[in-house]
2 protein chains.
Amino acid sequence: MFSKACEYASKIMIYLASKRDEDKLAGLKDIAKAINSPEAYTAKILQQLVRRELLLSVRGPNGGFGIHKNKEVSLMEVVMAIDGEGIVKKCILGLEVCSENRPCPVHDKFVAVRDHLRGILSTTLITEVGDGIEESIFFLK
Amino acid sequence: MFSKACEYASKIMIYLASKRDEDKLAGLKDIAKAINSPEAYTAKILQQLVRRELLLSVRGPNGGFGIHKNKEVSLMEVVMAIDGEGIVKKCILGLEVCSENRPCPVHDKFVAVRDHLRGILSTTLITEVGDGIEESIFFLK
DNA sequence: ATAATTAAGGATAAATTTGTCCGGAATTAT
DNA sequence: ATAATTCCGGACAAATTTATCCTTAATTAT
Ligand code: FES
Ligand code: FES
């Protein structure tokens with residue numbers, strides 16, 4: 001469904017959202033440990049999220065990563081940042097363009113699923129799903 | 001969503017289903033042309049579908065591929081044959097196991113989408129979606 | 001100032017997926 | 001029988017994704 005990178009990215013965002021009330025930032029090692037991901041690869045994904053301004057980063061001692069506290073971020077934004085818009089645009093059978101005018105044989109049925117997914121992605125905020133992590137109601141690894 | 005191989009496999013099955021009333025089989029070249037796929041790679045996928053007994057094949061002159069006429073095949077069976085059960089079992093965030101007992105933060109929301117998808121995959125028969133191809137109501141390329 | 005810490009970024013490697021090539025086996029037609 | 005056709009299957013190659021390593025830059029604490 002999503003790329004591994006996108007899975008990591010989502011977990012990163014949710015993890016950092018769950019720590020949004022702590023005054024200190026989380027470092028790469030903390031994050032990779034919290035979501036059970038390879039450290040160096042996780043660093044690359046963190047970079048992308050920072051470039052896309054979905055995260056803030058600070059270098060040096062006590063540096064690390066954190067969410068922008070006054071900015072609501074949906075899962076859709078995270079997915080788009082890493083995997084692009086394919087998941088909510090591409091034809092399920094791989095036709096070059098997905099359209100009503102020239103539909104593949106399963107277009108109608110799959111548009112319904114895609115819209116369902118799109119709805120969830122765009123209405124789900126990372127802060128919302130971040131709650132419940134600290135309390136071990138939900139898990140990231 | 002699906003692998004390229006799985007996209008090709010679905011198109012192959014749908015294409016051959018749309019030709020189920022012709023008395024002759026379709027050859028590799030025909031098929032690859034009909035679904036706009038690389039020939040050699042398509043051959044590999046055809047092999048897999050034959051091994052899984054989702055298709056029949058005959059070698060030699062006038063040979064080729066075709067569906068088993070008395071066997072109803074759902075899209076689910078095709079997807080399972082090529083991509084495995086991941087799409088309807090795996091955690092969307094990549095947790096090793098997806099379960100109610102130890103859910104990721106988006107488990108409930110995504111199980112709904114996954115079930116929606118599963119429903120469509122298992123109720124959609126290739127013969128059903130095969131109709132409309134010959135008439136260019138639906139397209140495979 | 002210096003040393004320690006931490007992210008940034010480039011190069012490279014491993015793994016997986018996608019795609020190609022070619023000789024062999026089965027079948028048919030002549 | 002022979003030749004032509006078509007799928008089978010193994011080896012290989014290219015492309016993409018995932019993952020690692022190492023040097024540099026920024027920041028902080030001493
Ligand atoms: S054309 Fe295939 S999903 Fe729209
Ligand atoms: S645990 Fe993540 S989808 Fe079920």
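Keep in mind that this is a model prediction, so the values were computed, not measured. Residue numbers start from 1 in every chain, and the chains themselves are labelled A, B, ... in the order their sequence lines are given, proteins ahead of strands.
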Whole angstrom is fine here: how far is it from [atom1] in [X] over to [atom2] in [N]?
X: Y41(B); N: dA14(D); atom1: OH; atom2: C1'; result: 13 Å
X: N62(A); N: dT27(D); atom1: CG; atom2: C1'; result: 10 Å
X: F65(A); N: dT27(D); atom1: CZ; atom2: P; result: 14 Å

Partners passing side chain to side chain contact (heavy atoms under 4.5 Å, CB included) against [X] (at least two apart in sequence or in another chain):
X: M76(A); answer: S74(A), M80(A), V88(A), R118(A), L121(A), S122(A)
X: K4(A); answer: E7(A), Y8(A)
X: L25(A); answer: L56(A), V58(A)
X: R52(A); answer: L54(A), A81(A)

Would you indicate, yes or no, if dG9(D) has its OP1 or OP2 atom less than 4.0 angstrom from a side-chain nitrogen or oxygen of Q47(B)? yes
Sorted by chain and residue number, the ring-ring contact (aromatic ring centres under 6.0 Å, His included) partners of H68(A) (sequence neighbours excluded) come out as none
Please, which pairs that meet ring pair (Phe, Tyr, Trp, His ring centres under 6.0 Å) have at least one residue in residues 84-118 of chain A, sequence neighbours excluded? H116(A)-H116(B)
Which pairs with one or both residues in residues 124-133 of chain A pass salt bridge (charged side-chain N to carboxylate O under 4.0 Å, His left out), sequence neighbours excluded? R20(A)-D131(A), E128(A)-K109(B)
Going by side-chain heavy atoms closer than 4.5 Å, which hydrophobic residues are tied to V111(B), directly or by a chain of links? none
Rounded to the nearest 0.5 Å, what's the gap from SG on C104(A) to CZ on F139(B)? Could you check? 11.0 Å
Distance check, rounded to the nearest 0.5 Å: F2(A) atom CZ versus D83(A) atom CG? 7.5 Å
Could you check whether any side-chain N or O of [X] sits under 3.5 Å from a backbone N or O of [Y], counting only pairs where one atom can act as donor and the other as acceptor?
X: K141(A); Y: N36(A); answer: no
X: D115(B); Y: A112(B); answer: no
X: K19(B); Y: I14(B); answer: no

Which parts of residues 48-61 of chain A get close to DNA chain C, meaning a heavy atom less than 4.0 angstrom away? V50(A), R51(A), S57(A), V58(A), R59(A), G60(A), P61(A)
In residues 6-36 of chain B, which ones come under 4.0 Å of DNA chain C, going by heavy atoms? Y8(B)
Five-pair end axes of the helix from dA1(C)-dT30(D) to dT30(C)-dA1(D), angle between them (10°): 0°
Terminal contacting nucleotides, 5' and 3', DNA chain C versus chain B (heavy atom, 4.0 Å): dT18(C) to dA29(C)
